[in-house]
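What follows is a short report on a single structure.
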Protein chains: 2
Amino acid sequence: MKLNTKTRYGIRAMIELAMDWGGKGMFQKEISERQEISYKYLDHIISALKTKGLISNVDGKKSGYRLAKKPEEISVYDIYKAFEPALQIVDCIGEHGECVRAKNCAASDLWCGLNNKIIEHLDSINLSELAKKQQALNQRDEKADMYYI
Amino acid sequence: MKLNTKTRYGIRAMIELAMDWGGKGMFQKEISERQEISYKYLDHIISALKTKGLISNVDGKKSGYRLAKKPEEISVYDIYKAFEPALQIVDCIGEHGECVRAKNCAASDLWCGLNNKIIEHLDSINLSELAKKQQALNQRDEKADMYYI
DNA sequence: TTTTACCCTATAAAACAAATAGGAAAGGTG
DNA sequence: CACCTTTCCTATTTGTTTTATAGGGTAAAA
């Protein structure tokens, strides 16, 4: 099981925007530079986040991107769902489950249980926490740098 | 995030063997037919499970496969690890993490936390539980069939 | 000695991930 | 207005991984 790059980059971009919350807005270029994500690749990521209504540049094209909601109101799972319809670690779960045995399958139950557990966890963490954590890490970093002078 | 087929098939094969625990042993062909897994593909799965010491056919080649340990002593994560060295949903976790930012990255922390949660969950479930559940499901199924006569 | 079951390596086909490329549209600025 | 920047959109490429299948060798039971 691997997390895809879009979701990972998407989270990092969103943390960056969350740290800018209440600020001046951020251009794609700025996010790309700060997070070292290919500018062109970020195109797709921003597009997905925008389509899902998680970010917006409502004050005009050159106003920069902002979170569309409060950081507290955006969970990690919200961001995950910008890149995949839903978390579904196996296909037998959910509507389009092709497996006929799923109704009487202990394995299916197992994966379904894990799936729920992961969703629950991703839903319990919001951008506010992550931004605060990142800010703390950044400060710690700056302090560490000072001692090296 | 998707679970791969080998792990899924591997679990199903192991549940089948767990239900046979204390029994006569099962041939690859038998497992393949019961679980509707391609006989040839099952080759690789059985090979991996055997290499990891989870199953054995110690009483001779034609004795059939058995669990190498008690069902209670084999966790889902043990089986998972037969097909991947370890669960690692992102690469920045662990020894070969290539990401320089990982030490000061809230995102990395996030995925690391999720990773641990998943491992904990997979480690908390053992084959004994799964086999019992599957047996219950099978019986329920047989009963249901009766009513349809 | 024939059959059965396991064991091993190579290869193919398909799907997916990750990124790049090219350019259209639109807004702000000198 | 002309021009630069930024967003927006679609297509294409490249590489990797997944999901098998194929083919044959080995060993032991019947």
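Side chains included, hydrogens not; waters and symmetry mates left out as well; all remaining heavy atoms used. Lettering of chains follows the sequences in order, A, B, ..., and the numbering in each one begins at 1. Keep in mind that this is a model prediction, so the values were computed, not measured.
- The residue among B:Met26 and B:His44 whose nearest nucleotide of DNA chain C is located toward the 5' end is B:Met26.
- Taking atom NZ on B:Lys2 and atom C1' on C:dA17, their separation rounds to 14 Å, with Å as the unit.
- Distance CD1 (A:Ile46) to P (D:dT6): 12 Å, rounded to an integer number of Å.
- For the residue pair B:Leu42 and B:Ala13, the shortest heavy atom distance occurs at CD1-CB, 4.5 Å.
- By the criterion of side-chain heavy atoms lying less than 4.5 angstrom apart, applied directly or through intervening Ile, Leu, Val, Met, Phe, Trp or Tyr residues, B:Ile89 is grouped together with B:Leu110 in one hydrophobic cluster.
- Sequence order on DNA chain C of the closest nucleotides to A:Asp43 and B:Lys40 puts B:Lys40 first from the 5' end.
- Side-chain atoms of B:Asp123 and B:Ser75 form a donor-acceptor pair, as typed in the model, at a separation below 3.5 Å.
- For the 3.5 Å distance criterion, the side chains of B:Glu73 and B:Asn126 fail to qualify, holding no donor opposite an acceptor.
- Residue B:Ile55 contributes atom CD1, which lies 13 Å from atom C1' of C:dC7 at whole-angstrom precision.
- Comparing D:dT7, C:dA5, C:dC7 by their closest approach to the side chain of B:Lys62 singles out C:dA5.
- Distance, A:Gln28 CD to C:dT20 P: 13 Å, rounded to whole Å.
- Close to C:dA21, at under 4.0 Å from its OP1 or OP2, lies no side-chain N or O of A:Tyr39.
- In this structure, B:Ser47 does not reach the C:dC6 phosphate: none of its side-chain N or O atoms is under 4.0 Å from OP1 or OP2.
- In this structure, A:Glu30 places its CD atom 15 Å from P of D:dT5, rounding to the nearest Å.
- For A:Lys29, whose side chain is taken as the heavy atoms from C-beta onward, the closest listed nucleotide among C:dT20, D:dC9, D:dT6 is D:dT6.
- Listed by residue number, the members of residues 4-13 of chain A with any heavy atom below 4.0 angstrom from DNA chain D form an empty set.
- Judged purely by distance below 3.5 Å, without hydrogens or angles, the side chains of B:Asn57 and B:Lys50 pair a donor atom with an acceptor atom.
- C:dA18 atom C1' lies 13 Å from atom CZ of A:Phe83, rounded to whole Å.
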